[in-house]
Protein chains: 4
Amino acid sequence: MARNAEKDLQQREQRMNDILDAAIEVMAVKGVGSASMQHIAGAAGISIGNLYHYFKSKEEIFAEALRRGQTGYGEFVRSVADGPGDARAKLLTIAENWLALGNSWAHTILIHTARLSEASEELRRDVTGRFTVNLQPVAAIIAQGQAEGTAPEGDPLELAFYFTSLIQGLTLQRMPGSEVPVPMRASSVVDLFAGRREALDRRRDA
Amino acid sequence: MARNAEKDLQQREQRMNDILDAAIEVMAVKGVGSASMQHIAGAAGISIGNLYHYFKSKEEIFAEALRRGQTGYGEFVRSVADGPGDARAKLLTIAENWLALGNSWAHTILIHTARLSEASEELRRDVTGRFTVNLQPVAAIIAQGQAEGTAPEGDPLELAFYFTSLIQGLTLQRMPGSEVPVPMRASSVVDLFAGRREALDRRRDA
Amino acid sequence: MARNAEKDLQQREQRMNDILDAAIEVMAVKGVGSASMQHIAGAAGISIGNLYHYFKSKEEIFAEALRRGQTGYGEFVRSVADGPGDARAKLLTIAENWLALGNSWAHTILIHTARLSEASEELRRDVTGRFTVNLQPVAAIIAQGQAEGTAPEGDPLELAFYFTSLIQGLTLQRMPGSEVPVPMRASSVVDLFAGRREALDRRRDA
Amino acid sequence: MARNAEKDLQQREQRMNDILDAAIEVMAVKGVGSASMQHIAGAAGISIGNLYHYFKSKEEIFAEALRRGQTGYGEFVRSVADGPGDARAKLLTIAENWLALGNSWAHTILIHTARLSEASEELRRDVTGRFTVNLQPVAAIIAQGQAEGTAPEGDPLELAFYFTSLIQGLTLQRMPGSEVPVPMRASSVVDLFAGRREALDRRRDA
DNA sequence: GATGAATGAGCGTTCATTCAT
DNA sequence: AATGAATGAACGCTCATTCAT
């Protein structure tokens with residue numbers, strides 16, 4: 001062992017993260033269809049062959065990027081659900097985080113791409129499974145909102161499904177070159193699922 | 001002679017429609033990535049060379065299919081908006097039409113694909129433009145709902161944008177192999193934008 | 001139908017034969033390992049992409065070349081078995097035909113390659129099946145030789161197996177660059193399976 | 001120090017043997033085409049980089065494995081030739097040793113592969129040279145058989161060539177997945193080159 | 001000696017598009 | 001109009017070999 005095993009492992013981990021970031025980056029900048037191994041390798045600053053020392057196929061790269069993105073989102077949304085604040089504030093935090101450009105945008109695109117592509121059955125199942133799991137914290141927030149009198153009636157899980165689908169759907173409308181000339185505001189979206197108090201009041205007064 | 005020319009033109013039109021149908025069909029059945037010119041030609045029952053007598057590129061085929069699909073949807077949604085009934089019934093008609101599997105499903109996927117792909121700037125602009133135009137009738141319905149007291153407050157166009165994005169987002173969740181195990185009901189979706197009267201009444205009574 | 005269908009078919013058939021010949025040629029001249037699609041296409045005078053209009057994979061090319069070669073050999077050996085002459089003369093015809101350089105040599109190499117390569121189970125089964133079938137006429141000749149008193153005792157099929165294996169084994173020794181400096185004479189080989197009359201006589205007299 | 005150097009040398013020798021064994025093993029188990037440096041290193045339990053401290057190329061590994069195999073076979077066949085027993089018993093020993101599955105089988109495949117591959121001129125010459133040298137002891141046995149009246153007439157070297165080619169040819173027929181459904185018995189093979197006494201007697205009596 | 005990351009040419013294959021008939 | 005042969009660039013991936021540690 002002339003080598004530092006621990007350092008090697010750290011470097012390997014770092015490289016894998018670089019590659020995943022590069023994959024997301026390429027997709028976001030040059031388009032999903034152009035995310036070839038060639039491009040990813042170039043963006044990561046390594047050779048094509050070396051890519052295969054870290055991931056054994058293109059699919060694995062995307063699967064891992066997806067897993068990372070969905071897991072991160074899952075942790076985020078769970079921490080929001082478990083944190084302090086009323087339902088409306090929580091949903092607003094989630095919506096704003098999602099609609100803000102950056103990593104989350106590219107990750108959402110990745111999810112859509114995985115669904116649209118000829119991805120393996122397994123990958124699609126995994127993505128759908130994590131998507132479903134990540135619905136739970138949102139459902140909990142909706143239930144909280146119903147208890148607080150701000151959320152509409154109905155199955156909280158179903159409403160969480162709609163909330164998430166709406167935000168994902170909106171994300172697609174933000175593709176560069178496809179911007180719809182209509183404002184997209186997190187607060188307005190959240191109003192649908194946890195109405196602003198004054199709005200409800202006014203409506204109630206009517 | 002004049003009749004022959006006219007007949008030729010009709011035949012040509014018919015062929016083009018057959019090809020577009022075949023393109024949508026192939027995409028829906030075999031997956032977006034598998035919609036090669038070879039497959040489209042096969043599904044349309046003509047040779048690959050002949051395909052190029054009707055459309056000068058693959059992009060043109062998809063652009064035309066998109067145009068046709070969006071135009072059809074636009075006419076449908078305008079006829080609904082201009083027709084009789086309250087806002088809730090109108091939105092329900094639109095949502096049910098969209099969420100029902102069939103042609104509309106494949107067309108929605110096509111729109112998403114166009115946005116995600118390396119499509120030309122022009123194609124993306126056209127798609128976005130027609131999408132925006134098609135928002136108007138929905139906005140009119142929302143405005144009607146606001147007048148009727150069932151729709152939430154806010155810019156009708158913005159709400160129409162959310163309504164459409166939600167339904168498109170939900171469509172993606174119906175990709176074969178990616179079915180999320182949560183019910184997806186048009187009436188529940190519409191409730192968000194044009195609440196059921198009894199629900200509002202109950203809320204008001206509270 | 002602006003095209004001559006029959007001529008097209010003939011041309012296609014001709015091209016396929018050209019490609020198979022080119023594949024054999026490349027293998028024989030440049031070595032088995034160098035028989036890449038690139039090389040085959042070059043030898044056949046067409047582009048790589050066009051190769052795939054005639055054969056859907058490299059394996060199919062080799063499978064077809066094998067089938068052609070084994071079928072041709074089978075017909076040849078059957079016609080010899082059914083023809084006139086004593087067993088020794090028949091075996092001599094077969095051995096001489098095989099050991100003479102030319103097409104048959106390259107085909108034999110192909111059979112060996114198929115067995116040594118990572119070829120599909122199906123291909124190996126087919127090759128073995130045809131090999132076994134082609135053993136029958138040789139076995140018939142051996143049986144004839146036994147009736148004539150020139151062939152050794154034993155199961156004719158087993159002896160035919162040895163005869164064929166011997167000749168195939170010898171073929172391998174003729175690879176360019178591997179020539180063993182020992183004479184290889186069809187008549188001597190045949191002597192083992194259908195001894196020359198005078199030799200037997202002399203032995204009997206001893 | 002001197003002892004350390006000697007021990008180092010022994011260790012190195014041992015490692016080289018391990019690697020050669022691993023190479024043969026991989027080839028026999030996973031197929032010739034799958035014997036990549038990666039696989040060989042794995043089977044030998046060392047890293048791919050370390051492989052190159054013992055052999056400077058893949059070709060050298062195979063050349064050395066061939067040399068070792070052929071040399072071992074040469075020693076074996078020479079010891080048989082120089083040992084006691086009649087020619088028939090000696091040939092039987094050789095044939096049975098070869099046809100029995102195990103190391104010798106894989107070595108034979110290696111020889112064939114070397115001949116079929118793009119191996120260097122030098123390697124092919126070496127293989128052929130050793131092959132030819134190894135023919136001598138067999139020729140001596142054949143000559144002994146001729147003196148004993150069991151072997152057919154003819155040049156002993158030529159007959160040894162046929163005997164060896166036959167057995168090598170038969171080895172090819174034993175590739176897993178290519179088994180020809182015909183018995184393959186060493187005694188029957190040997191009968192062709194050193195007939196069983198009783199068979200000859202019967203023939204003589206006829 | 002030992003490691004495995006790194007390279008890059010090459011592989012088999014696909015596919016939108018062109019063109020002679 | 002209609003055909004399908006022909007092209008060639010690009011794809012995902014493999015692998016023998018080199019090199020810094």
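Just so we're on the same page: letters track the sequence lines, and every chain starts at 1.
As rounded to whole Å, 9 Å separates atom P of dA16(F) from atom CZ of Phe62(D). If you take CE of Met37(C) and P of dT14(E), they are 9 Å apart, rounded to a whole angstrom. Atom-to-atom, CD1 of Ile40(D) to P of dT17(F) comes out at 11 Å; the value is rounded to the nearest Å. Distance His39(B) NE2 to dT14(E) C1': 11 Å, rounded to the nearest Å. In this entry the distance linking CD1 of Ile61(B) with C1' of dC15(E) reads 13 Å, nearest Å. As a whole-Å value, the separation of Glu59(D) CD from dT17(F) P is 9 Å. Taking atom CD1 on Ile19(B) and atom C1' on dA2(F), their separation rounds to 12 Å, with Å as the unit. Rounded to whole Å, atom P of dA6(F) lies 10 Å from atom CG of Asp18(C).
Around CD of Glu59(A), the count of heavy atoms belonging to other residues, nucleotides or ligands within 6.0 Å exceeds 12. Around atom CD of Glu13(C), no more than 12 heavy atoms belonging to other residues, nucleotides or ligands sit under 6.0 Å away.
Nearest-nucleotide mapping onto DNA chain F: of Arg12(B) and Lys58(D), the residue sitting toward the 5' end is Arg12(B). Projected onto DNA chain F by closest heavy-atom contact, Gly49(A) and His53(C) fall at different nucleotides, the more 5' of which corresponds to His53(C). Nearest-nucleotide positions on DNA chain E place Ile46(D) closer to the 5' end than the other of Ser47(A) and Ile46(D). Two residues, Leu51(A) and Ile48(C), neighbour DNA chain E, and the one matched to the more 5' nucleotide by heavy-atom proximity is Leu51(A).
The side chain of Tyr52(B) has dA16(E) as its nearest neighbour among dT17(F), dA16(E), dC13(F). Picking from dG1(E), dC11(E), dC13(F) the nucleotide with the shortest atom distance to the side chain of Tyr54(D) gives dG1(E).
The partner of dA1(F) is absent, by the rule that a Watson-Crick or G-U pair needs both atom distances under 3.5 Å. Across all strands shown, dA9(E) forms a Watson-Crick or G-U wobble pair with dT14(F), both key distances being under 3.5 Å.
Dashed line: the shortest gap from a side-chain N or O of Arg15(D) to OP1 or OP2 of dG1(E) is not under 4.0 Å.
No donor-acceptor pair under 3.5 Å is formed between the side chain of His112(A) and the backbone N or O of Leu172(B). Side chain of Glu64(D) to backbone of Leu20(D): no donor-acceptor contact under 3.5 angstrom is found.
Side-chain contact between Ile19(A) and Ile46(A): present, with at least one pair of heavy atoms (C-beta onward) separated by less than 4.5 Å.
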